[in-house]
Amino acid sequence: MSIESISDVEFGVDLPAFKPDTRLSSASTFAKLVGWNAPRFNDHEAAKKEGLPGAMIPGILSQGYLVAMIHNWAPVANVKSIDTVFRAPVIADDDHTIIGVVTDINEDDKLVEIDLTVKNSKGETRVFGTAMIEIP
Amino acid sequence: MLLDLHTHSIKSDDGRAKVENYCQWIRTKNLELDGFVLTEHRQFDNDSDYSALAKKFGLVILKASEVETEYGHVLVYGVTKALQKEFDFAYTKNPLEMVIEASEAHGAVAVPCHPGRPKVGMFAHTEELGIPKGVKIIEIFNGGSRDQEDQIAIDNAIKLGYKGIGGSDSHIVSHVAHCATRFTQDIATIDDLVAALQTGEFEAVHITKPHAPIQL
């Protein structure tokens, strides 16, 4: 269901799950575009030499996926903030899932808070956070 | 009685959950949870009174602390004003054995949490520092655990004769009630919780990853 107004939103409802593109080639392209042309975003072996489990998805790309997920669910939403806590790297070429759920609704101010969790293929939380969005 | 013994609210620097939203979430989702304990980082929240929320939602809401030591993070249940004078809750290198001793002297219980985690877990430091004295309970199920962290905790609890608790370590609303601790007796106050922990009559439960009973 696409959300068109604040009255469509219910506490506890799940946003449609979102599968981010975590291919190494995509991460590498994005990193180069934003000027982060570092081995940790381009090459699994080079990343391992830096002590990482593998090449990682840039954090701001993960944040972009979170915004995309919200807009897929509520195209009219004005995303006022995305607040993320990076607990562990999002490793490229591993399938991840983004889960979003509504955890607060302020109908007077037309604000909705969403919990966001990025999980890897083992179901481990890599990134969590909240988004505050305004829905007319 | 099932309590989530490790949760954070917006009072913690990395917490994003409002306590009322935890309550709403538990009730809206019909979760099998009778209450939760707020364990804010490096502090004890002396000011907040959640009794009205507890009554409104029919949940037990208790307050504790998560302090930091040279062995990693430690939950302290039964914090009093006097205990807060014994050591600096905001300091990140409190000696674990002192925290345990001071807690016991003031009728509180100290429990190393996520002990299998690199850097902030107790067993990341035992090879270098040795097995600390005084530990009786550790957190064996933590909702934020990755890889083999919980298994490391369980294996060491069995080896060293520790009891085990469970807690979600939730920082956002929807992460509450992933792990919890089941008690045989009713718990309404922090004194009840401390007494129950001291008796050892409890069982750690991982709610989102069903498991065989852990014999500790």
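Only a predicted model underlies this, so the values are computations on that prediction, with no experimental measurement involved.
- Using a 4.5 Å cut-off between heavy atoms, A:Ile99 does not touch chain B at all.
- Partners of B:Phe183 according to the ring-ring contact (aromatic ring centres under 6.0 Å, His included) rule, which considers only residues two or more places apart in sequence or in another chain, are B:Phe202.
- Under the side chain to side chain donor-acceptor pair (under 3.5 Å) criterion, B:Asp186 pairs with no residue, sequence neighbours left out.
- For B:Phe87, the ring-ring contact (aromatic ring centres under 6.0 Å, His included) partners are B:Phe89, not counting sequence neighbours.
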Show me, pair by pair, the donor and acceptor atoms from chain B and chain A that are under 3.5 Å apart.
from	atom 1	to	atom 2	distance (Å)
B:Asp14	OD2	A:Arg87	NH2	3.1
B:Arg16	NE	A:Asp83	OD1	3.3
B:Arg16	NE	A:Asp83	OD2	2.4
B:Arg16	NH2	A:Asp83	OD1	3.3
B:Lys18	NZ	A:Asp104	OD2	3.2
B:Lys18	NZ	A:Glu113	OE1	3.2
B:Asn21	ND2	A:Thr103	O	3.3
B:Asn21	ND2	A:Asp104	OD1	3.4
B:Lys29	NZ	A:Gly12	O	2.7
B:Asp147	N	A:Glu124	OE2	2.5
B:Asp147	OD1	A:Lys122	NZ	2.7
B:His171	NE2	A:Arg87	NH2	3.3
B:Val173	N	A:Asp115	OD2	2.9
B:Ser174	N	A:Asp115	OD2	2.6
B:Ser174	OG	A:Asp115	OD2	2.8
B:His175	NE2	A:Thr117	OG1	2.8

